[in-house]
Amino acid sequence: MRREPARVLIVGGGPTGAALALLLSQQGIPLTLIETSRNLDRVFRGEALMPSGLAALEQIGGADLLDGLPQRPLAGWRFVLDGRELFRAAEPLAPGPACTLVSQPALLERLLERAAGYPGCQVLRGTAATGLVEQNGRISGIRLADGQELRADLVLACDGRSSLLRRLAGLELQEQSSPLDLLWFRLPAASTTSAAPPLPQGDWFTTVVGPAGIFSLFNGATGVAQLAWVRPRRAVATGPVQTTPTPAESPWPECWARQSPPELRAWMRNGSVHATAPVPLAVRVGLAPRWHRPGLLMLGDAAHPMSPVRAQGINMALRDALAAANHLIPLLAEGAQPAASQLDAALAAIAAERLPEIRTLQTLQRQEAERGMLLQGQPWLRALLLAGAPWLAPALRHHWIDQQRPLRQGVTTLNLLESPRLLES
């Protein structure tokens, strides 16, 4: 008796889940995507697409995928110490596209809309997965909040850094210490009747280091200025760090203004600009040594929550989706009926392919964060760099650009394999 084509359940409509839903549905692979929220907007969602992420998106959805979405290419990167510019590096840092900020909610909606347009793809929004269905030692489906069970030959857990499916499957996340947490602000106009004065820095991503701490300021994809203030979590091995002032000790904008260059200082002290209440973001970094069980595979933040340093989360999520598609499409496309052992071997191969890049980039993120915290905690070092800036700045710029290469391009070569129905739309 002929079986129905293998069905896939994707839990989570974030970058990994939405991208993978589109890649599989393009190949006619029946799937259901479960997303807890009806609204994909969040107070904070990473927007920065590095060249590696932009290349992945083009392979996932075609060159027109980003057309019409809120987006802003970065002009470049600017570094300020104690109110004085040390150096800046214009985008693109190497031949190819510039780092681009894209509204992640709008991008996710576009991916899910396109996926749902293919026969056999079902997207269930406002539906929570609350349990796993297991049969003979193999994950065979999920249980929903209303008690309904959905069965599948394969469950893909793309449900984020606090993954419920990871915990239910008994898969371990080895958390890594992080030297920082973040407070995230938006800096809109104080009055809705008047527009906020534009950032004097334009579309440069500016990082400021000074006695009060470290912050990065930039125009988001929708044009609203955003500021991420680093808060030291602990002393790092390379040196002590200072404590960031609390709001009671120094109002937010004035605290930032004191260590900003003159044009930003004046902008922050302008009465028409105010900071929204901060969104505290605990930086949780980790890596699951094992991403899979028979019938289940974790991807994205569920398997490897990334530091916010250089915005690797969304970029690695998209590359996870590409790698998974390369292994799963040949097994599942055109109504193929792989044996359970073939599926499980593919899950192991996906994890083995992705683990080296994730390990390397998490190490690079941690090193960059620790260098920043060391610089913030050593006033003499900032003074030395500024004193030598006329001679040191070109070498520092060149060295920084060289360090960014793997964070921008990825560590491994990853391209979507050819398939008979690939991107036929």
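The structure presented is a predicted model; accordingly, all values stated were derived computationally and were not measured. Reckoned from all heavy atoms, side chains included, excluding hydrogens, waters and symmetry mates.
- L33 contributes atom CG, which lies 10.5 Å from atom CG of L111 (distance to the nearest 0.5 angstrom).
- Counting only heavy atoms from C-beta outward, the side chains of L81 and L375 approach each other to under 4.5 Å.
- Using bins of under 30°, 30° to 60° and over 60° for the plane-to-plane angle, the ring pair W400/W77 lands in the tilted bin.
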Residues R72, E91; criterion salt bridge (Lys or Arg N to Asp or Glu O under 4.0 Å); working and verdict: CA-CA 12 Å; R72 299 178 78 94; E91 283 282 349; over 6 Å; no

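- Here the CE-CG distance, from M268 to L227, works out to 5.5 Å after rounding to the nearest 0.5 Å.
- Atom CG in L101 sits 10.0 Å away from atom OG1 in T222 (nearest 0.5 Å).
- Among all heavy-atom pairs drawn from M306 and I358, the shortest one is SD-CG2, 4.1 Å.
- Heavy atoms only, all atoms of each residue included: P308 and L182 are closest at CG-CD1, 3.6 Å.
- Counting only heavy atoms from C-beta outward, the side chains of I60 and L416 never approach each other to under 4.5 Å.
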Show me the donor-acceptor pairs, under 3.5 Å and distance only, between side chains in residues 338-353 and residues at least two apart or in other chains.
| from | atom 1 | to | atom 2 | distance (Å) |
| --- | --- | --- | --- | --- |
| Q342 | OE1 | A339 | N | 2.8 |
| D344 | OD1 | R138 | NH1 | 3.0 |
| D344 | OD1 | R138 | NH2 | 3.3 |
| D344 | OD1 | G295 | N | 3.2 |
| D344 | OD2 | R138 | NH1 | 2.6 |
| E353 | OE1 | H327 | NE2 | 2.8 |

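- L364 is listed as a side-chain neighbour of Q367, based on a closest heavy-atom distance under 4.5 Å.
- At least one side-chain heavy atom of R354 sits under 4.5 Å from a side-chain heavy atom of M316.
- Of all heavy-atom pairs between E35 and G14, the closest is OE1-N, 4.3 Å.
- Applying the side-chain contact (heavy atoms from CB on, under 4.5 Å) criterion to R397, with sequence neighbours excluded, gives F87, A89, I401.
- For H304, the ring pair (Phe, Tyr, Trp, His ring centres under 6.0 Å) partners are W291, not counting sequence neighbours.
- A donor-acceptor pair is defined here as one N or O able to donate and one able to accept, closer than 3.5 Å; such a pair exists between the side chain of E47 and the backbone of A221.
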Worked check of side-chain contact (heavy atoms from CB on, under 4.5 Å) between N315 and L407: CA-CA 9 Å; N315 295 281; L407 291 164; over 6 Å; no

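- Side-chain contact between R258 and E254 is present, with at least one heavy-atom pair separated by less than 4.5 Å.
- In this structure a side-chain-to-backbone donor-acceptor pair under 3.5 Å is present from D320 to G300.
- The two residues V309 and Q365 have their closest heavy-atom pair at O-NE2, 2.8 Å.
- Distance alone, capped at 3.5 Å, is enough to place a donor-acceptor pair between the R114 side chain and the G61 backbone.
- A distance of 11.5 Å separates CD1 of I139 from CG of L9, quoted to the nearest 0.5 Å.
- With hydrogens and angles ignored, the 3.5 Å screen pairs a side-chain donor or acceptor of R110 with a backbone N or O of L65.
- Not one N or O on the side chain of Q27 forms a donor-acceptor pair closer than 3.5 Å with the backbone of I329.
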Evaluation steps, side-chain contact (heavy atoms from CB on, under 4.5 Å), between Q403 and R371: CA-CA 12 Å; Q403 287 180 324; R371 284 193 296 269; 3.6 Å; yes

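- Here the CG-CG distance, from L322 to L23, works out to 6.0 Å after rounding to the nearest 0.5 Å.
- Between the side chains of R7 and T32, at least one donor-acceptor pair of N or O atoms lies under 3.5 Å.
- Here the side chain of D159 pairs no donor or acceptor atom with the backbone of A302 at under 3.5 angstrom.
- Between P280 and L183 there is a side-chain heavy-atom pair separated by less than 4.5 Å.
- For the pair L22 and Y118, the minimum side-chain heavy-atom distance is below 4.5 Å.
- Under the 3.5 Å distance criterion, the side-chain polar atoms of Q71 are matched with a main-chain donor or acceptor of L69.
- At a threshold of 4.5 Å between non-hydrogen side-chain atoms, the residues L20 and V8 do not count as touching.
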Criterion side-chain contact (heavy atoms from CB on, under 4.5 Å) on T16 and L318, from CA distance to verdict: CA-CA 6 Å; T16 314; L318 296 171; over 6 Å; no

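- Qualifying side-chain contact (heavy atoms from CB on, under 4.5 Å) partners for P356, counting only residues two or more places apart in sequence or in other chains: none.
- In this structure, a donor-acceptor pair under 3.5 Å is present between the side chains of Q362 and Q176.
- T363 places a side-chain N or O within 3.5 Å of a backbone atom of R359 that can act as its donor or acceptor partner.
- Between the side chain of R125 and the main chain of N39, no donor-acceptor pair closer than 3.5 Å is present.
- In terms of heavy atoms, G13 sits closest to L112 at O-CD1, 4.4 Å.
- Considering every non-hydrogen atom in both R290 and M298, the closest pair reads O-CE, 3.7 Å.
- Pairs of residues two or more places apart, or lying in two chains, that qualify as side chain to side chain donor-acceptor pair (under 3.5 Å) and include a residue from residues 166-175 are E175-R284.
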Stepwise side-chain contact (heavy atoms from CB on, under 4.5 Å) check, L150 with Q148: CA-CA 7 Å; L150 300 180; Q148 181 184 2; 3.5 Å; yes

Show every donor-acceptor pair shorter than 3.5 Å between a side-chain atom in residues 208-220 and any protein atom, with sequence neighbours excluded, or say none if there are none.
| from | atom 1 | to | atom 2 | distance (Å) |
| --- | --- | --- | --- | --- |
| S216 | OG | T207 | OG1 | 3.0 |
| N219 | ND2 | G202 | O | 3.1 |

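- With values rounded to the nearest 0.5 angstrom, I314 atom CD1 is found 5.5 Å from L107 atom CG.
- S162 places no side-chain N or O within donor-acceptor distance of the main-chain N or O of G160, the cut-off being under 3.5 Å.
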